[in-house]
Student: 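Okay, handing you the structure first.
Computed from a predicted structure; not experimentally measured.
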Amino acid sequence: MNPDEFFQAGKVVKTSGSGGELVFSFDSEVSDRNKKMESVFILLQGNLVPFFIEKSESKARNQLLVKLLDVDTQEEASLLAGSGIFLPKSMKSRKKQGKKFDIDFNGFLVIDKVHGEIGLVVNVLELPMQELLEIEKDGKLYLIPLVEEIITEINIDTGIIRIEAPEGLIELYQ
């Protein structure tokens, strides 16, 4: 196994429960793919060791609750806590041509300068001409172009996107 063929995709944050479950935290560039993974490599004592994923469940933004095959106790899981998670470079997402932002915005709160809280991002629609934030609040969907002219601030730490929507755009959905 050539370590140059892998990249660090995240880390094992902590154990969870008594049955050997672990919480994985992934970098945003692989977070949208983490539900499909069947295995990961964990760096143990300088070696990348493969582990098969028995089951997984989304926990929070960029986090996954994982049960690894043959890791059945909290004691076994605790040996993996804090270790780096590696994936083959072939799984690394490539930034799409023309894509302005390479961030997973799902769950971000969108706040407009005039209208205040618009809602939470539930999807990013990638259309040929531009990307749109799909925002939901109280059962209503809002589509806001993901362009620098409207997006005034993206705070990754707080999960807040501030916008200045053009006059009439928000009113279209109310």
Student: Give a yes or no on this: more than 12 heavy atoms of other residues, nucleotides or ligands lie within 6.0 Å of atom NZ of Lys14.
Tutor: no

Student: Applying side-chain contact (heavy atoms from CB on, under 4.5 Å) to Leu133 and Ile161, what does each step give before you reach the verdict?
Tutor: CA-CA 10 Å; Leu133 292 174; Ile161 300 173; 4.2 Å; yes

Student: Could you see if Leu79 belongs to whatever hydrophobic cluster contains Ile53? Use Ile, Leu, Val, Met, Phe, Trp, Tyr and a side-chain cutoff under 4.5 Å.
Tutor: no

Student: Would you say Val12 and Leu44 are hydrophobically clustered, going by side-chain heavy atoms of ILVMFWY under 4.5 Å?
Tutor: yes

Student: Using modelled atom types only, decide if a donor and an acceptor are shared between the side chain of Asn47 and the backbone of Val49 within a distance under 3.5 Å.
Tutor: no

Student: Evaluate side-chain contact (heavy atoms from CB on, under 4.5 Å) for Ile135 paired with Val122, printing each intermediate quantity in order.
Tutor: CA-CA 6 Å; Ile135 302 163; Val122 294; over 6 Å; no

Student: Under the side chain to side chain contact (heavy atoms under 4.5 Å, CB included) test against Phe24, which residue among Val13, Val40, Leu65 passes?
Tutor: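 When Val13, Val40, Leu65 are each tested with Phe24, the side chain to side chain contact (heavy atoms under 4.5 Å, CB included) holds only for Val40.
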
Student: Does any part of the side chain of Val66, heavy atoms only, come nearer than 4.5 Å to the side chain of Phe51, both counted from C-beta?
Tutor: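 Heavy-atom side-chain distance check fails, nothing below 4.5 Å.
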
Student: Looking at Ile42 and Ser83, what are the two nearest heavy atoms and their distance?
Tutor: CG2-CB, 3.5 Å

Student: Might you confirm whether atom CD of Glu38 has over 12 heavy atoms from other residues, nucleotides or ligands at distances under 6.0 Å?
Tutor: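 Open.
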
Student: With hydrophobic residues grouped by side-chain heavy-atom distances under 4.5 Å, do Leu125 and Val110 end up in a single group?
Tutor: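 Yes, one cluster joins them.
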
Student: I'd like to know whether CD of Glu153 has more than 12 heavy-atom contacts from other residues, nucleotides or ligands below 6.0 angstrom.
Tutor: yes

Student: Checking Tyr142 side chain against Gly119 main chain: does a donor-acceptor pair fall under 3.5 Å?
Tutor: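 Here the side-chain-to-backbone pair does not exist.
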
Student: Check Ile150 against Pro166 and note the closest heavy-atom contact, atom names and distance.
Tutor: CD1-CD, 3.8 Å

Student: With side chains defined as the heavy atoms from C-beta onward, is the minimum distance between Leu22 and Leu80 less than 4.5 Å?
Tutor: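 Contact flag for Leu22/Leu80 side chains = yes.
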
Student: Let me see the working for Leu68 and Glu54 under side-chain contact (heavy atoms from CB on, under 4.5 Å), right down to the final yes or no.
Tutor: CA-CA 5 Å; Leu68 297 174; Glu54 191 173 302; over 6 Å; no

Student: Within the structure provided, determine whether Phe86 and Gln8 are in side-chain contact (heavy-atom separation under 4.5 Å).
Tutor: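 In contact.
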
Student: Under a 4.5 Å side-chain heavy-atom rule over Ile, Leu, Val, Met, Phe, Trp and Tyr, are Leu146 and Leu169 clustered together?
Tutor: yes

Student: Donor-acceptor check, side chain of Ser16 to backbone of Glu21, threshold 3.5 angstrom: yes or no?
Tutor: no

Student: Could you grab the distance from atom CD1 of Ile118 to atom CG of Asp112, nearest 0.5 Å is fine?
Tutor: 5.0 Å

Student: Should Val121 and Ile111 be counted in the same cluster of Ile, Leu, Val, Met, Phe, Trp and Tyr side chains packed under 4.5 Å apart?
Tutor: no

Student: Just checking Phe52: does its CZ atom have more than 12 heavy atoms from other residues, nucleotides or ligands closer to it than 6.0 angstrom?
Tutor: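 For Phe52, atom CZ is not crowded (no more than 12 foreign heavy atoms under 6.0 Å).
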
Student: Mind checking whether Leu120 and Phe108 have side chains closer than 4.5 Å, heavy atoms only?
Tutor: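 No; the side chains remain at least 4.5 Å from each other.
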
Student: Could you give the side-chain donor-acceptor pairs of residues 70-77 under 3.5 Å, partners two or more places apart or in another chain?
Tutor:
{"from": "Asp72", "atom 1": "OD1", "to": "Lys67", "atom 2": "NZ", "distance (Å)": "2.8"}
{"from": "Thr73", "atom 1": "OG1", "to": "Glu76", "atom 2": "N", "distance (Å)": "3.1"}
{"from": "Glu76", "atom 1": "OE1", "to": "Asp72", "atom 2": "N", "distance (Å)": "2.7"}
{"from": "Glu76", "atom 1": "OE1", "to": "Thr73", "atom 2": "N", "distance (Å)": "3.3"}

Student: Does some side-chain heavy atom of Glu117 sit less than 4.5 Å from a side-chain heavy atom of Leu109?
Tutor: yes

Student: Flag the pair Phe41 / Phe6 as yes when their ring centroid distance falls below 6.0 Å, and as no otherwise.
Tutor: yes

Student: Testing Val124, Ile144, Leu141 one by one against Glu134 for a side chain to side chain contact (heavy atoms under 4.5 Å, CB included), which residue passes?
Tutor: Leu141

Student: Does some side-chain heavy atom of Glu149 sit less than 4.5 Å from a side-chain heavy atom of Glu164?
Tutor: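 Heavy-atom side-chain distance check fails, nothing below 4.5 Å.
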
Student: Measure the CD1-OG1 distance between Ile154 and Thr158 for me, rounded to the nearest 0.5 Å.
Tutor: 11.0 Å

